[in-house]
Amino acid sequence: MGSPRSSDTGWRDVARDPWAAVLAEAESLRTRAVLSLSIPPIPVPFEEPDETLGDLAFACFVYAKRMQQAPDVIASRLAPLIPRGKFIASATATGGYVNLRVDPAALASETLGALRTAGEAYGAGEPGKERVLLEHTSVNPTGPIHVGRARNPVIGDSLARILRKAGFPLTTEYLVNDVGRQMVLLYWGVTHLKPSDVAPPQSAKEDHALLPYYVKANELAENDPNVNQEVEALIRAFEGGDADLTKAISSVSRQILSGILQTLDRIGVAFDRFFWESDLILQGKIGPVIERLKALPVVQQEDGAYYIDMAPFGVKGRETKWFLTKRDGTSLYPTRDIAYHIDKFTRCDLAITVLGENHRLEYEQLCTALKLLGERLAEAVFYSYVVLPEGKMQTRRGRIVAMDDLIEEAVARAQEEVRKRRPELPESQMREIAEAVGIAALRYNIVRVQAEKKITFRWEEALNFEGNSAPFLQYAHARTRGILGKGGPFEPGDPALLTHPEEARLMKLLARFPHVIGKAAESRRPHEVATFAYDVAAQFNLFYRDCPVLTADPPLRAARLGLVDGTRIVLQGALDCLGLPAPHEM
RNA sequence: GGACCCGUGGCCUAGUCUGGAUAAGGCACCGGCUUUCUAAGCCGAGGAUCGGGGGUUCGAAUCCCUCCGGGUCCGCCA
């Protein structure tokens, strides 16, 4: 939609954004027409009407009201005043709306030109200056990552890719929570229990191998007072700043983390850097923050423990005291989080964190504290957890679907499909395609849904390879590759030859890609790219049905090859933004 | 008790921020399409009081209020 805002975001280069160019022209032609009727240029968003009516439209009700005339009268007076432009071919009035028709040849020429200039970079925004630090995933290293947590890396990584494409200099970061009671428990388990004491691990992968020790340690600490005492003693030593112990505990978490990272790597998620919470403590970065907090007038004390009463800041509930330190003066997580963010702000201009919905209050509290300290604020993207049909997943209960299992299942299912459909392919290539398809199916299934909606995990949905699914997108892309491969090298054709309705529809979508990337980045909503990618793939399939490429007359053939290549670039670009591999054939 | 998030055909989702012209897809079900660039595709059929009610507006899935249902959170844990 062509709200005035889109033309205000100056970082986007209009020359490389065909749809923005169309909107800008429509806006300027309309403004002139409106002014010439002595109507104030009230901004009315452009919308996309049913295609039988036009390509762009705006309602005249607001103008009508202002001028005290009937909307269809205003529309009929306005339409003839909108002259033909570079893109806008005609304007007609229908029932209070002015419908604009975009000249398909002009749009095609603009879009294919932009595609030719930018190549694979088509869709990218102007390189920006604002350094973004995107923290995501940051799951506690106590065991393998499960499907309940899967949205964080998938949303985070997709958002990272989209922000990069949009032009932001971006760093991704994983906060490794290697301090606290749970880590001490895990450490106690691996140092005090023998393999025969714990349940057999599901696999030798480090995160799976160590999980049973964590589970058993939890169980013992709950039921065996002696164990609990030992653990408490360890926690005290740890809290007392025992550097050797802190490092020892951290090294256990590093082992589990390496298993988690292997899993994430397999689904295409990697990080630029890691931040160990223990470093914050060992480097003495907590103390100064505590001192700054204590100096705040709003900070109060109870038995030596410091807290902020959040009630005046809009937080309500049973308990509004937000504790920053313990009675003994040692830090609590909120303090460490504040210290972490202050550290982050020295390394970026904008800090974004992908967080589960259960962290919403904590985020509000963090922002309140940062505001009180005169620091910048962090931005957050929240998502709801993936739940099983029978309820939420819990690591401690073992009621989880491990990501590793889901990946194996997805790839195995994909392998079956490939074998069925492409029995002639060599085994190694079948495996490659199966990996690409299976993993893409998982990621797409998560990223296509708005983050704040909860997802109920169902195998049949997660492993769906038809309809609105990753393989649908990948298949369309593979089709473009197939045609281009057989078509061979081609000279740029005449865009004006692309007059078929399916060609025009496809071209309009390709023209919008840069705009879509910009919007998705700005709104931090990766699913918008998923929706768009589906639209492109579906439209390409219609073009594929109706417009033979290779057998067309040479001039038309060349023009169509250009369109197919453009589709290839856009689909590949969109898939890349979603972290979905794009195999050349499948 | 309070705050926040979600509620769209049997199931899943887009559209909600930025209100507009008959609410758009997918899955499932039923019926079709392959001597033509990969049928993981395409076409057709049925299927929706956009959770209920009120309000604002020329116009509400979209904004406001309220109720209902589901979820999350309100630790000197992290």
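When reading the values below, keep in mind they use all heavy atoms of this one structure, side chains included, and skip hydrogens, waters and symmetry mates. Letters A, B, ... mirror the listed sequences (proteins, then strands); counts begin at 1. Given the structure is predicted, the values throughout are model-derived calculations rather than measurements.
Dashed line: the shortest gap from a side-chain N or O of A/Arg413 to OP1 or OP2 of B/rA40 is not under 4.0 Å. Taking side-chain N and O atoms only, A/Asn177 has no distance below 4.0 Å to OP1 or OP2 of B/rA78.
A salt bridge links A/Arg560 with A/Glu503; the closest basic N to acidic carboxylate O contact falls under 4.0 Å. Using a cutoff of 4.0 Å between basic side-chain nitrogens and carboxylate oxygens, A/Glu302 and A/Arg327 are not scored as salt-bridged. Residues A/Glu51 and A/Lys508 are not paired through a salt bridge, judged by the lack of any N-O separation under 4.0 Å between the basic side chain and the carboxylate. Salt bridge present: A/Glu232 and A/Arg181 bring a charged side-chain N and a carboxylate O closer than 4.0 Å. With respect to A/Glu416 and A/Arg419, no salt bridge is recorded, no charged nitrogen being found less than 4.0 Å from a carboxylate O. Between A/Glu417 and A/Arg422 there is no salt bridge, since no side-chain nitrogen of the basic residue lies less than 4.0 Å from a carboxylate oxygen of the acidic one.
In this structure, the nucleotide among B/rA40, B/rC17, B/rG41 sitting nearest to the side chain of A/Arg479 is B/rG41. The side chain of A/Arg360 lies closest to B/rC4 when the candidates are B/rA39, B/rC17, B/rC4. The A/Arg448 side chain lies nearest to B/rU13 when the options are B/rU13, B/rC17, B/rA40. The side chain of A/Arg545 has B/rC43 as its nearest neighbour among B/rC43, B/rC12, B/rG41. Here the nucleotide nearest the side chain of A/Glu47, chosen from B/rA21, B/rA40, B/rC37, is B/rA21. Relative to the side chain of A/Tyr534, the nucleotides B/rA40, B/rC27, B/rG25 differ in distance, and B/rG25 lies closest.
Note that the CZ atom of A/Arg524 and the NZ atom of A/Lys519 stand 14.0 Å from one another [nearest 0.5 Å]. Atom OG1 of A/Thr456 and atom CD of A/Glu390 lie 10.0 Å apart (nearest 0.5 Å). Summarising the geometry, atom CH2 belonging to A/Trp276 is positioned 13.0 Å from atom CG belonging to A/Leu282; distances are rounded to the nearest 0.5 Å. In this structure, NZ on A/Lys344 lies 7.5 Å from CG on A/Asp337, to the nearest 0.5 angstrom.
A/Arg525 comes within 4.0 angstrom of the backbone, heavy atoms only, and of no base. Within 4.0 Å of A/Asp50, counting heavy atoms only, lies at least one base atom of the nucleic acid. Nucleic acid contact class of A/Leu324 (heavy atoms, under 4.0 Å, all strands): none. At the heavy-atom level, A/Thr551 lies nowhere under 4.0 Å from the strands shown. Residue contacts for A/Val564: at a heavy-atom cut-off of 4.0 Å it reaches no nucleic acid atom on any strand shown. Base engagement by A/Val418 is indicated by at least one non-hydrogen atom pair under 4.0 Å involving a base atom. In this structure, A/Lys453 reaches the bases: a heavy-atom distance under 4.0 Å links it to at least one base atom across the strands shown. Residue contacts for A/Ala476: at a heavy-atom cut-off of 4.0 Å it reaches no nucleic acid atom on any strand shown. Within 4.0 Å of A/Cys60, counting heavy atoms only, lies no atom of the nucleic acid at all. At a threshold of 4.0 angstrom between heavy atoms, the contacts of A/Gln474 with the nucleic acid are absent. Counting non-hydrogen atoms under 4.0 angstrom, A/Ser384 reaches nothing in the nucleic acid.
In this model, a side-chain donor or acceptor of A/Asn99 finds a partner on the base of B/rA21 within 3.5 Å.
Both distances falling under 3.5 Å, in either a Watson-Crick or a G-U wobble arrangement, place B/rC4 opposite B/rG71. For B/rG44, the paired base is B/rC30 (Watson-Crick or G-U wobble, both distances below 3.5 Å). B/rU62 makes up no base pair with any nucleotide shown, lacking Watson-Crick or G-U wobble contacts both under 3.5 Å.
Annotation: A/Tyr174 is not in aromatic contact with A/Phe275 [ring centroid separation under 6.0 Å not met]. Separation of the A/Tyr363 and A/Phe382 ring centroids falls under the 6.0 Å cut-off.
Spacing between atom CD of A/Glu466 and atom P of B/rG25 amounts to 19 Å, rounded to whole angstrom units. Rounded to an integer number of Å, the gap from A/Asn445 CG to B/rA14 P is 12 Å. The interatomic distance linking A/Asp535 (CG) with B/rU13 (P) rounds to 18 Å, in whole Å. When the C1' atom of B/rA24 is taken as reference, atom CD of A/Glu48 falls 13 Å away, rounded to whole Å. Following rounding to the nearest Å, A/Asn468 (CG) and B/rG15 (P) show an atom-to-atom distance of 12 Å. Between A/Leu280 atom CG and B/rA78 atom P there is a gap of 13 Å when expressed in whole angstrom units. Straight-line distance from the CD atom of A/Glu528 to the P atom of B/rA24: 20 Å, rounded to whole Å. Following rounding to the nearest Å, A/Asp546 (CG) and B/rU34 (C1') show an atom-to-atom distance of 15 Å.
Remark on RNA chain B: of its neighbouring residues A/Phe58 and A/Met586, the 5'-side contact belongs to A/Phe58, judged by nearest-heavy-atom nucleotide. Comparing A/Thr456 and A/Ala538, the nucleotide of RNA chain B nearest to each residue sits closer to the 5' end for A/Thr456.
Going from the P atom of B/rG15 to that of B/rG25 covers 15 Å, rounded to whole Å. Rounded to the nearest Å, the gap between the P atom of B/rA28 and that of B/rC42 is 13 Å. Nucleotides B/rG47 and B/rG59 have their P atoms positioned 30 Å apart, rounded to a whole Å. To the nearest whole angstrom, the two C1' atoms, one in B/rC17 and one in B/rC64, are 16 Å apart. Here, B/rG10 and B/rG19 have their C1' atoms 31 Å apart, quoted to the whole Å. Using C1' as the reference atom, B/rU16 and B/rC76 are 42 Å apart when rounded to the nearest Å. A distance of about 46 Å separates the C1' atoms of B/rG75 and B/rA23, rounded to the whole Å. Rounded to a whole angstrom, the distance from the P atom of B/rU49 to that of B/rC4 is 30 Å.
Both the sub-6.0 Å distance and the 45° axial angle are satisfied by A/Arg30 relative to the ring of A/Phe58.
Using a 4.0 Å cutoff on non-hydrogen atoms, the parts of residues 61-69 of chain A near RNA chain B are A/Phe61, A/Val62, A/Lys65, ordered by number.
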Listing time: all N or O pairs from protein to nucleotides 64-68 of chain B that are below 3.5 Å?
none

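Open room surrounds NZ on A/Lys316; 12 or fewer heavy atoms of other groups in view lie less than 6.0 Å from it.
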Whether each nucleotide of nucleotides 70-77 of chain B has a protein heavy atom under 4.0 Å at its base (B), only at its sugar-phosphate (S) or at neither (-) is summarised, 5' to 3', as SSSSBSBS
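In plain terms, the two heavy atoms of A/Ser331 and A/Ile286 that are nearest each other are CB-CG2, 3.5 Å.
Put simply, the side chain of A/Thr551 never gets that close to the backbone of A/Pro548: no donor and acceptor are under 3.5 Å apart.
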